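Step one of this worksheet: look at the structure below.
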Amino acid sequence: MISYIIRRLIAAVGLVIVITMITFAIFYLMPRLAGATPETLATRYVGRTATGATVEQTAQRLGFYDPVPVQYWHWLTGVVNGTEFDIGSGVEKCPRPCLGYSFRNKDPVTPEIMRRLPVSFSLAVGAAVLWLTFGVATGVLSALRRGSFFDRAAMTVALAGVSMPIFWTGVMSLSLFSYKLGWTPPGGQYTKLSDNPLEWAHGLLLPWITLALLFSAQYARLTRAGMLETMGEDYIRTARAKGLRERRVVVKHGLRAALTPIVTIFGLDFGLLIGSAVLTETVFGLPGLGQLAIDGTKNNDLPQVLGVVLLIAVFVAIANLVVDLLYAVIDPRVRTK
Amino acid sequence: MEDPSLSHADPEAVLVGEKQIEGRSLSQIAWGKLRRDKVALAGGAFIVFLILVAILAPLIVKITGGPPNAYHEDLLSPYIPNIPAGDFGGMSWRHPMGLETVSGRDIFSRVLYGARISLLIAILATMLSVAIGTTVGIIAGFFGGWVDAILSRIMDMFLAFPLLVFAIALSGVFPDKAFGFSGLPLRLGLLIFVIGFFNWPYIGRIVRGQTISLREREYVEAARSLGARRPYILFTELLPNLLAPILVYSTLIIPTNILFEAALSFLGVGIPPPTASWGGMLADAVTFYTVPHFMFWPGLAIFATVLAFNLFGDGLRDAFDPRGR
């Protein structure tokens, strides 16, 4: 078991490193392949009126003259050890984990990310609780009553749910519940959980439901398909034949097997959602990590984007790790291996 | 292979005069099932209708709607700034879905032109995903061993990528001129590449799984024992049997790609204005979210299209499923 955990850990770290490398390549190699030079890259950050000397200085300061792997190495050592940064008007110390300074406004990235993390985390956790409850319950009930009115109604709603763009449902619900009915606050507000838990939940209610609607629909479809498959297995017949109560057959033997693939997908979805609920955050004006990533992209602000991507990668890796360990609990076959 | 003396030993010869046993191929069975699936057929019919409408868009807007980029500022309300005059966003016979805010462009003709962009990108991106996914999946499944191990790892890693953030990064960082293209064609190519390139592992995993299970079948074993070379086995024994799952999952990837393109355009990193795209239209309408009918039409277009592809894809999957009724 210990060696299993260690192997999974190494795989997780590898995943994180590869993902950040690719992000780096997208931002530095792609423009170079398309013909950009260190100077043209630096011009973006000094304004059009700058002289050639200022541009060169900036390119030097941001390390654009170094080969891309060297730049990546600098960034990586900064994350692990902390580093010192020349922000133009002096040298500043950046403690670990140092994600660098914004190319645009020279603010350090780490505190900005830490400030936004609770928003994204609140959004993801709340939505996940909702969609797991509703999605899995609907899926199980639909599978057990296959062909019934409930099944057909639920699957129709679920299919409609996966077919609607989340930014559309989001804005439409904002228009209805917030503007017309006044049940929820308008977008663009976030109250900290520690400030006022009720306000926190009230403000996040609509984003939660919007996100959960999409994911519940997916999970209901997945759970239903999984349940239908497992309930047709021989061991379910065996369980029934040996006189187990139906409830126990469904929960202990059916659901347990059907849940395994869902747990995998959930780990991935949840990890990704921390940093890529870009659309939901944009629609509801939540100051989360997804917003930071897209702002960073639009401004060509690599350190911001890289910071968010690193965090997403870490969350995906952690989620995958937890899922792998959970497997040992759900699936007895993994334990013996 | 063919021995003429064997033709007399036709097992069905004994059945002459009685009811003939008809051998049916998988696609015949599937078509039979699909024909009875009214919901899937409705989805398919809508897709055909949509493709026709997209192709004929320049002719249709001549009848009603007008050019998609024509401004009708004269039809805006003189009292409320930027909002079209009249009920329901300025709906009329000339402008059946009303007008856009600020510019007064016709929503109907923009929805039609948006369909062209949406379908073009989604279908071409799907073809790219399928091409990469099938190649990688077959190689991984057919050769197995360390080739499979490496390719599977790569696919797992792709699935763990924050796709949307990456796609935004790629389309944001790309210069306005590259590879001898510029403007809209370059943008279209880039979007097709970004969307198609990040989606291939889904197809790849399915094809790999199918290849592994087919590889061990008796008929492949038979071909191998008769001395068939690997390319022969790949192209004549495996590929034809992979066509059904590839077809089914391509149909199911198209709607995801439509949503993906709409999301990118909504965020302002997809199709640049003034070209009409459903996501871009929604982004324009969001500023006026207090008046929902401006975002109703482009949203409905996305929803109906994605739903149609999902219904048809689901039906296709059930039809090809040998365990199905």
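Only a predicted model underlies this, so the values are computations on that prediction, with no experimental measurement involved. The figures that follow rest on heavy atoms only: side chains count, while hydrogens, waters and symmetry mates do not. Reminder, nothing fancy here: chain letters follow the sequence lines and each chain counts from 1.
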Under 3.5 Å, is there a donor-acceptor pair linking the side chains of A:Gln291 and A:Ser120? no

Under 4.5 Å from any heavy atom of chain B - which part of A:Ala160: both

Heavy atom to heavy atom, less than 4.5 Å: which residues from residues 248-265 of chain B reach chain A? B:Leu259, B:Ala262, B:Ala263

Heavy-atom contacts under 4.5 Å, residues 165-172 of chain A to chain B: A:Pro165, A:Phe167, A:Trp168, A:Val171, A:Met172

Would you say the side-chain atoms of A:Ser142 and A:Asp151 include a donor-acceptor pair closer than 3.5 Å? yes

Can you say whether the rings of B:Phe193 and B:Phe197 are parallel (under 30°), tilted (30 to 60°) or perpendicular (over 60°)? parallel

Is there a side-chain contact between B:Asp314 and B:Val39 in this structure, where contact means two heavy atoms from C-beta onward sitting under 4.5 Å apart? no

Do B:Arg116 and B:Leu119 come close enough that some side-chain heavy atom pair is under 4.5 Å? no

Does any part of the side chain of A:Leu289, heavy atoms only, come nearer than 4.5 Å to the side chain of A:Phe121, both counted from C-beta? no

Would you mind reporting whether A:Leu222 and A:Pro261 have side-chain heavy atoms less than 4.5 Å apart? no

Under a 4.5 Å heavy-atom cut-off, does chain A meet the side chain of B:Phe296, its backbone, both or neither? both

Can you check whether A:Tyr219 reaches A:Phe266 side chain to side chain, under 4.5 Å on heavy atoms? yes

Answer whether the closest heavy-atom distance between the side chains of A:Tyr72 and A:Ile17 falls below 4.5 Å. yes

Does the side chain of A:Leu310 reach to within under 4.5 Å of the side chain of A:Trp75, using non-hydrogen atoms? yes

Pair B:Asp284, B:Arg110 - check salt bridge (charged side-chain N to carboxylate O under 4.0 Å, His left out), show working. CA-CA 12 Å; B:Asp284 289 341; B:Arg110 288 183 73 73; 5.1 Å; no

Interchain contact, B:Leu267 with chain A, by part (heavy-atom threshold 4.5 Å): both

